[in-house]
Number of protein chains: 2
Amino acid sequence: MLKGHLDAVLLATIGDEALHGYAIIEAIRARSGGHFDLPEGTIYPALHRLELAGLLASRWVQPDGGRKRRVYALTDSGRQSLIERRAGWQSFASGIDRVLGARA
Amino acid sequence: MLKGHLDAVLLATIGDEALHGYAIIEAIRARSGGHFDLPEGTIYPALHRLELAGLLASRWVQPDGGRKRRVYALTDSGRQSLIERRAGWQSFASGIDRVLGARA
DNA sequence: GTTAAAGCCTAGTGTTGCTAGGTATAACTT
DNA sequence: AAGTTATACCTAGCAACACTAGGCTTTAAC
């Protein structure tokens, strides 16, 4: 559904906040105006992949109420990668726009 | 490289012109400002897939000079599908824009 | 005490588009 | 004439991606 742009979406959604997986799903749904409603089977493996790639760092947090959560934050290379991916998206989108003749 | 939008790009590139595969590659390269340079291994199977799906129709043409070409044109459902895919792309792109906080 | 919500996870799978080859004809170079 | 480049088509196999469809645990609500 996110067509190869999932990583950029995850990095941008986390931003400076340090969110856990479930909250990331809700944040994406909210920020996209309900457009993207990602299943857990999509985001959890992706978070693991991004952590393995060194773009995210996770820690377990025990909140006052509720159960333990795994919370993700951007690393330095994660921040760097987000900048690059944002630029990559804009370049990609303007390329498609040109070919489709939309939003020229 | 086209992240799931290849079909829309192909349909839009062909448009009303009836192009053959090789010309489609060049047209995409030109219209995207050199951004998309698709290998043949990408577009030929995609054209076959779109023809099988009834969105394209092909015929062999023997030009005055040069070798035989297989020329593709949109069918009625191809035209319909292009309209839908264009709308789909705009909706998708604005969703990503919102999440990435770019081109808001 | 049972159901629903919050929260995490994985195995398996289908789609997609790429790599890396192969074939053939025409045009241009040397 | 021979070799190279450009034109033009094709396929098998593969890797990435994200989805389906499950499973597990804990807390809140009824």
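The chains referred to below are lettered A, B, ... by the order of the sequence lines, with proteins before strands, and numbering in each begins at 1.
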Which nucleotide, dG7(C), dC9(C), dA8(D), lies nearest any side-chain atom of W60(A)? dC9(C)
Please classify the nucleic acid contact of G4(B) as base, sugar-phosphate, or nothing, using heavy-atom distances under 4.0 Å. sugar-phosphate
Minimum-distance nucleotide to T42(A) side chain [options: dC19(D), dG7(C), dT25(C)]: dC19(D)
Within the side chain of T75(A), is there an N or O that forms a donor-acceptor pair under 3.5 Å with the backbone of G54(A)? yes
Check: S91(B) side chain, A87(B) main-chain N or O, donor-acceptor pair, under 3.5 Å: no
In whole angstrom, give the distance that lies between atom NZ of K3(A) and atom C1' of dC17(D). 12 Å
With side chain to side chain contact (heavy atoms under 4.5 Å, CB included) as the test, would you mind laying out the steps for E84(A) and W89(A) before giving the verdict? CA-CA 9 Å; E84(A) 290 162 10; W89(A) 159 253; over 6 Å; no
Could you please name the option among dC17(D), dG7(C), dT19(C) that lies closest to any side-chain atom of P39(B)? dT19(C)
Select one nucleotide: of dC9(D), dG17(C), dA18(D), the one nearest the side-chain heavy atoms of E40(B). dC9(D)
Side chains of Y72(A) and R59(A): closer than 4.5 Å at any heavy-atom pair? no
Tell me whether the side-chain N/O atoms of R70(B) come closer than 4.0 Å to OP1 or OP2 in dC10(D). yes
Of P45(A) and R67(A), the one whose closest nucleotide on DNA chain C sits nearer the 5' end is R67(A)
Give the nucleotide from the list dC19(D), dT11(D), dG7(C) with an atom nearest to the side chain of H20(A). dG7(C)
Y44(B) OH - dG22(C) P separation (whole Å): 18 Å
Whole angstrom is fine here: how far is it from CD1 in I25(A) over to P in dA18(D)? 14 Å
Length of the line joining D37(A):CG and dT20(D):C1', which is rounded to integer Å: 14 Å
What integer distance in Å separates E26(B):CD from dC9(D):P? 10 Å
Identify whether any heavy atom of G41(B) sits under 4.0 Å from a base atom; if not, whether one sits that close to sugar-phosphate; answer base, sugar-phosphate or nothing. base
So does E51(A) pair up with R70(A), basic N to acidic O under 4.0 Å? yes
When rounded to whole Å, the CZ to C1' distance for the pair F36(B) and dC18(C) reads 15 Å
Nearest-Å distance, CG (L47(A)) to P (dT10(C))? 11 Å
What's the closest nucleotide to the side chain of R69(B) if the choices are dG17(C), dT10(C), dA8(D)? dA8(D)
Mind calculating the distance between CD1 (I28(A)) and P (dC19(D)) to the nearest angstrom? 10 Å
Can you figure out which of dC9(D), dC19(D), dC9(C) approaches the side chain of H48(A) most closely? dC9(C)
